[in-house]
K.L.:
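Once you've had a glance at the structure underneath, I'll fire off some questions.
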Amino acid sequence: MALAQTECQSSVMNSPPAAVESGPTAVLGPWRKVRSGVYVAVAEPESVNLGLIVGTDRALLIDTGSSPAQGRAVRDSIADVTDHPLAAVVVTHWHYDHAFGLAAFSDVPRIAHESVHIRLSSADAVADARRLGVDPDDLLQPTRNIAVATAIDLGDRRVEIAHLGRGHTDGDLVVVVPDADVLFAGDLIESAGPPSFGQDSVPDEWPATVDSVIGLMTAATLAVPGHGEPVDREFVFEQRGRIAAEAAARGRSAGRELPLVSEPDLTGRRSPPTAPDPGLEV
Ligand SMILES: [Zn+2]
C-alpha cells in the first residue's frame, strides 16, 4: 500500500519549484454549520478545511488559507456567520495552505505550536511563498507559541488546543470543542485522500499521535480533517492503521527498522538505546 503525497503541499515534499504556479483560483466556499456554533468552509485550490467556532462573546478561527489575500477573504467571510470579534486564530500546522493567511490577522492573537515560527521563516516556506507569488516578507508569524496545550474562552464555551505529538509535521495541533463534541484534526487525518507524508513528517510517531486523537473521541464525536468531509471515530481508527502500515513500510525501505526486542549481548546487558531524535531546537 502506498500513501501518496496529496493536498497539503510544501516545497519540502516536492522537487524544487519552478515559476509561480498558475493553478486553480483561490476560491473560498461558504461557511457550513456542522454542529451548533461550529462551521467549516473549504478554501481552494488546496481544498483545505477552515473552522469557525462561535461563542456568545467571541469566535475562534482555525486555519487561514493559502495566501495573505485568501486570509483577507476568510476574514471578510466571518461576517456572514457572526459579528463577534475573533478571540484568536489558530493554525493546525505550518504548511502554506493552513498558515499563509495568517497575514490577514495582524491585530488578532495568532496561536501555533512553538515549532511553527521556525518553519515559517525557513527556506522551505520562502520557496513556497515565491512559488505561489506571495512576497515572503508579507507572511506573518504566530504571536502565541504553545508547547503542549492552551484553552480559549469564547463566552459560553471553551475551546481546547493541544499538541498531542508529532505526525504529519513536528508541530501539529488539534482543536477540541467539548460542548459540541467536535475535534479539528488538521492534516493528522485526511478524508479527501490518503494522509500526506512529507519530508517534514514524523512517520514513526504519527500512529501514537492519532491514538491520542482517538482517545479524545467518542462514538458521537465529529472529527474535521484537514482536507475532506468530517469523519467519525471508526474512520480515524481505520486511518490510524493505514498510517502505521505506511510508517512501517517507510522504515523498512529506509533500512531503519529495528528489531522488536533488542538482543542481549554476551554479558546479558542490552545494547544501548539509539540516540533520540533531537527534533527542532526552539
Ligand atoms: Zn499539511
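Atoms within each ligand, like the ligands themselves, are counted from 1 in listed order. Small disclaimer: the values here were computed from a predicted structure and weren't measured. Along the sequence shown, residues carry numbers from 1.
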K.L.:
What's the atom name of the N, O or S in His95 nearest to the Zn ion (ligand 1)?
P.N.:
ND1
K.L.:
Any side-chain heavy atom of Glu44 within less than 4.5 Å of one from Leu28?
P.N.:
no
K.L.:
Do you see an N/O/S atom of His98, backbone or side chain, under 2.8 Å from the Zn ion (ligand 1)?
P.N.:
no
K.L.:
At the Zn ion (ligand 1), what angle lies between atom NE2 of His93 and atom NE2 of His168, rounded to 10 degrees?
P.N.:
100°
K.L.:
From the N, O or S atoms in Asp187, identify the one nearest to the Zn ion (ligand 1).
P.N.:
OD2
K.L.:
Do the side chains of Glu229 and Arg32 get close enough for a salt bridge, i.e. N-O under 4.0 angstrom?
P.N.:
yes
K.L.:
Look at Arg75 together with Asp107 and state whether they make a salt bridge at an N to O cut-off of under 4.0 Å.
P.N.:
yes
K.L.:
Begin from the C-alpha positions of His98 and His168 and carry the test ring pair (Phe, Tyr, Trp, His ring centres under 6.0 Å) through to its verdict.
P.N.:
CA-CA 13 Å; His98 301 257; His168 174 66; 7.4 Å; no
